[in-house]
Peer 1: 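What follows is a single structure, and I will ask about it in a moment.
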Number of protein chains: 2
Amino acid sequence: MTTIKDVAQLARVSVSTVSRVINQNGYVERDTYNRVVAAMETLNYKPNAVARGLVIRKTATLGLIVPDVANPFFSDVARGVEDEAIENGYTVILCNTDWQVTREDMYIQLLRGRWVEGAIIVGNRAAPEFLMHQLEDVPFILVDSRPNQIVNAVWSNNLVGGRMATQHLIDNGCYRIVHISGPEGSPSALARREGFYQAVLSARNVQVSVVSGDFRFDGGYQAAVDLLKCRPHPNGIFAANDMMAIAVIQAANEMGIRIPEDVMLVGYDDITMARCVYPSLTTVAQPAYDMGRTASKLLITQLKHGVSDLQHVEFKPELKLRKSTERMS
Amino acid sequence: MTTIKDVAQLARVSVSTVSRVINQNGYVERDTYNRVVAAMETLNYKPNAVARGLVIRKTATLGLIVPDVANPFFSDVARGVEDEAIENGYTVILCNTDWQVTREDMYIQLLRGRWVEGAIIVGNRAAPEFLMHQLEDVPFILVDSRPNQIVNAVWSNNLVGGRMATQHLIDNGCYRIVHISGPEGSPSALARREGFYQAVLSARNVQVSVVSGDFRFDGGYQAAVDLLKCRPHPNGIFAANDMMAIAVIQAANEMGIRIPEDVMLVGYDDITMARCVYPSLTTVAQPAYDMGRTASKLLITQLKHGVSDLQHVEFKPELKLRKSTERMS
DNA sequence: TCGAGGTGTGAAAACGTTACCATATGATAA
DNA sequence: TTATCATATGGTAACGTTTTCACACCTCGA
């Protein structure tokens with residue numbers, strides 16, 4: 001490992017001078033400059049960000065914590081965050097919690113220990129108060145969280161979304177409706193389920209139940225198989241996200257159950273694939289990329305201009321009608 | 001920001017003692033220990049990993065660079081890498097290059113500057129020699145790269161895979177075959193294209209062409225629309241990955257072109273969705289999760305037991321036959 | 001000729017931590 | 001009694017940077 005000292009020695013100058021060359025500040029003679037640059041070149045020297053960070057206490061890095069990168073919604077959010085960050089000279093450290101609270105906590109420690117300048121936490125499981133305590137002086141913003149009055153957040157209204165999805169099933173005549181819920185502890189999953197309850201509560205003659213999923217294909221598949229084995233099986237399913245909804249389609253296909261004739265299906269997220277499956281999936285859309293981008297922008301603004309007021313941005317969910325709930329009459 | 005000094009002061013001990021408490025080494029009296037722990041608690045003290053890293057030169061962190069987290073293949077690799085890493089006490093910093101060489105380079109600098117102990121680079125665009133130069137003494141392993149004799153690597157044989165996919169189209173009677181290629185600079189895309197050429201070269205009476213895609217849905221969609229507008233349009237398409245293949249399905253659906261009757265289609269990767277689209281997608285499977293996991297394991301073994309011999313692990317691609325190439329006769 | 005101010009350079013003190021060495025106390029063995 | 005050893009703690013030098021201060025040199029105008 002070559003250090004600034006080695007460079008200084010080879011260039012026959014002090015470390016101060018090398019530092020000045022690296023950071024392009026202070027006076028340094030043309031000749032000296034060239035000598036230093038040449039020395040850095042021959043030694044393949046790269047300044048050590050760890051030591052640098054220790055001194056200047058700036059890292060130009062943002063931390064991004066997501067529950068599951070393999071989920072298209074979250075990876076789109078991540079892309080939005082990253083694009084905005086890079087345009088503003090920040091780099092992004094992405095951490096994947098796999099929906100585990102312990103991993104979330106671990107990565108928060110990691111980020112704080114690495115002195116990220118700000119953090120974006122998507123689908124946080126820990127309470128906002130706890131996060132504030134953990135992150136202490138690191139500004140952060142939540143995405144896809146529950147609305148709350150304590151911290152900055154970007155979210156789409158999952159309560160309304162869940163209600164819309166469910167109401168749509170009811171309006172289409174479904175009367176045995178099942179909700180495949182997201183993982184316990186996911187704020188958006190919780191809100192969607194609440195929306196589901198709100199909708200069915202005001203409906204007449206509707207049998208409902210909720211089974212728990214995990215926002216993953218496999219979990220959704222398992223839930224769907226169990227569900228569709230029942231006699232009589234539900235005639236309306238609201239899956240808490242598209243991955244699970246697509247798993248339902250898969251299971252139904254294999255079991256010879258027709259969608260939408262035998263059972264109608266609504267998903268959530270409107271991932272790209274929702275249009276491509278057969279039958280195409282009715283789903284509640286939320287603008288993942290924009291949400292990420294917005295969160296990133298808000299956080300960066302705060303970093304650049306100091307603390308600001310509490311910022312809340314809400315996106316409106318939108319029901320996309322497709323074949324999986326089309327009436328055949 | 002509270003430091004070890006603050007803790008020492010509050011607990012009325014020296015920083016050395018606090019350090020001993022934190023790292024659980026050396027002698028420290030029960031009473032002192034408790035006092036220090038209490039002090040850390042009240043101050044909400046978290047050791048600073050930056051400073052720590054500077055001294056002990058170990059970070060227990062791995063760097064993972066992927067071209068596109070939104071691509072299911074890469075996110076599955078990432079999950080594999082991460083699961084293995086965490087089981088071994090490492091945390092993973094994930095970086096997303098968006099297929100841009102500049103970002104890849106930027107993140108390599110970042111990782112090196114942050115003193116990751118090892119790096120896993122997926123679908124590298126830069127040459128291995130360049131990476132060796134850049135990363136210098138940071139051990140690393142390539143995933144989904146070209147086979148080469150210089151660095152450790154885990155890959156599946158994309159050449160054979162590309163050949164298999166193409167041969168399958170030929171065997172099914174396709175005679176106007178188009179390959180939608182992956183992004184320029186992606187090693188696996190390149191190999192698949194070579195496999196394509198090898199297969200068509202040994203075939204008689206086959207018209208071929210190659211158009212370039214980007215491994216993304218949108219790029220594949222655009223390519224597909226252009227392609228299917230031609231008269232006569234191709235009757236066999238080999239898309240370099242499943243995302244683009246699914247985009248082809250989408251485009252074909254919209255244009256009233258039937259798959260497989262009018263045009264047969266093969267993808268690559270066997271992502272979960274490949275089974276769910278209509279028609280289900282014939283594709284070349286590679287075990288993304290296992291590849292990531294293997295790479296991670298290899299790297300960690302090397303880190304723990306010092307330099308080892310050059311390690312190469314090859315996975316065999318496997319053709320999954322589904323409806324998109326089913327003969328209707 | 002002198003001082004002011006711009007230019008170029010180096011020494012040394014931070015940053016927050018760990019590791020090593022020194023010192024002190026008490027217990028045990030010769 | 002004295003030497004040895006385990007236990008407990010503090011002081012201090014690193015780690016690789018940046019930044020501040022100090023000093024030296026040069027040029028220019030009065």
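Chain letters run A, B, ... following the sequence lines, proteins first and then strands; every chain starts at 1.
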Peer 1: Nearest to the side chain of N25(B) - dG16(C), dT17(C), dA19(C)?
Peer 2: dA19(C)
Peer 1: Using whole Å, report how far CD1 of I4(B) lies from C1' of dC15(C).
Peer 2: 13 Å
Peer 1: Tell me yes or no: between the side chains of S188(B) and N158(B), is some donor less than 3.5 Å from an acceptor?
Peer 2: no
Peer 1: Hey, does the side chain of T17(A) come within less than 4.0 Å of dT9(C)'s phosphate (OP1/OP2), counting only N and O?
Peer 2: no
Peer 1: Rounded to the Å, how far apart are L54(B) CG and dA13(D) P?
Peer 2: 17 Å
Peer 1: Using a cut-off of less than 4.0 Å, is there contact between a side-chain N or O of S14(B) and OP1 or OP2 of dG10(D)?
Peer 2: yes
Peer 1: For S19(A), answer base if it contacts any base atom (sugar-phosphate contacts may also be present), sugar-phosphate if it contacts only those atoms, and nothing otherwise; contact means non-hydrogen atoms under 4.0 Å.
Peer 2: base
Peer 1: Taking for each residue the nucleotide of DNA chain D bearing the nearest heavy atom, is the 5' side occupied by V18(A) or by E29(B)?
Peer 2: E29(B)
Peer 1: Choosing from dG16(C), dG16(D), dT12(D), which nucleotide comes nearest the side chain of T3(A)?
Peer 2: dG16(D)
Peer 1: Grab the CG-C1' distance between D6(A) and dT17(D) for me, whole Å please.
Peer 2: 13 Å
Peer 1: Using a heavy-atom cut-off of under 4.0 Å over every strand shown, decide if R20(A) touches base, sugar-phosphate, or nothing.
Peer 2: base
Peer 1: To the nearest Å, give me how far apart CG (N48(B)) and C1' (dA14(C)) are.
Peer 2: 14 Å
Peer 1: Check whether the side chains of R125(B) and T97(B) place a donor and an acceptor atom closer than 3.5 Å, and report yes or no.
Peer 2: no
Peer 1: Determine: side-chain N/O of Y27(A) to OP1/OP2 of dC26(D), distance under 4.0 Å, yes or no.
Peer 2: no
Peer 1: Within this structure, what is the NZ-to-P distance between K5(A) and dA11(C), rounded to whole angstrom?
Peer 2: 12 Å
Peer 1: Of G26(B) and A51(B), whose nearest nucleotide on DNA chain D comes first from the 5' end?
Peer 2: G26(B)
Peer 1: Separation of Q24(B) atom CD from dA8(D) atom P, in whole Å?
Peer 2: 14 Å
Peer 1: Mind checking V50(A) for me? I need base, sugar-phosphate or nothing, with any heavy atom below 4.0 Å counting as a touch.
Peer 2: nothing
Peer 1: Under 4.0 Å between a Lys/Arg side-chain N and an Asp/Glu carboxylate O for R293(B) and E87(B)?
Peer 2: yes
Peer 1: Once you round to the nearest 0.5 Å, how far does CZ of R52(B) lie from CG of N23(B)?
Peer 2: 5.0 Å
Peer 1: Check this one for me: any side-chain N or O of N23(A) less than 4.0 Å away from OP1 or OP2 of dT18(D)?
Peer 2: yes
Peer 1: Please work out if Y33(A) contacts a base, only the sugar-phosphate, or nothing of the nucleic acid, heavy-atom cut-off 4.0 Å.
Peer 2: nothing
Peer 1: Mind calculating the distance between CH2 (W115(A)) and P (dC15(C)) to the nearest angstrom?
Peer 2: 10 Å
Peer 1: For the pair made of CG in D31(A) and P in dG8(C), what is the distance, rounded to whole Å?
Peer 2: 11 Å
Peer 1: Determine the contact category for S16(B): base if any of its heavy atoms lies under 4.0 Å from a base atom, sugar-phosphate if only primed atoms, P, OP1 or OP2 are that close, otherwise nothing.
Peer 2: base
Peer 1: Could you tell me whether K297(A) and D290(A) make a salt bridge, using a distance below 4.0 angstrom between a side-chain N and a carboxylate O?
Peer 2: no
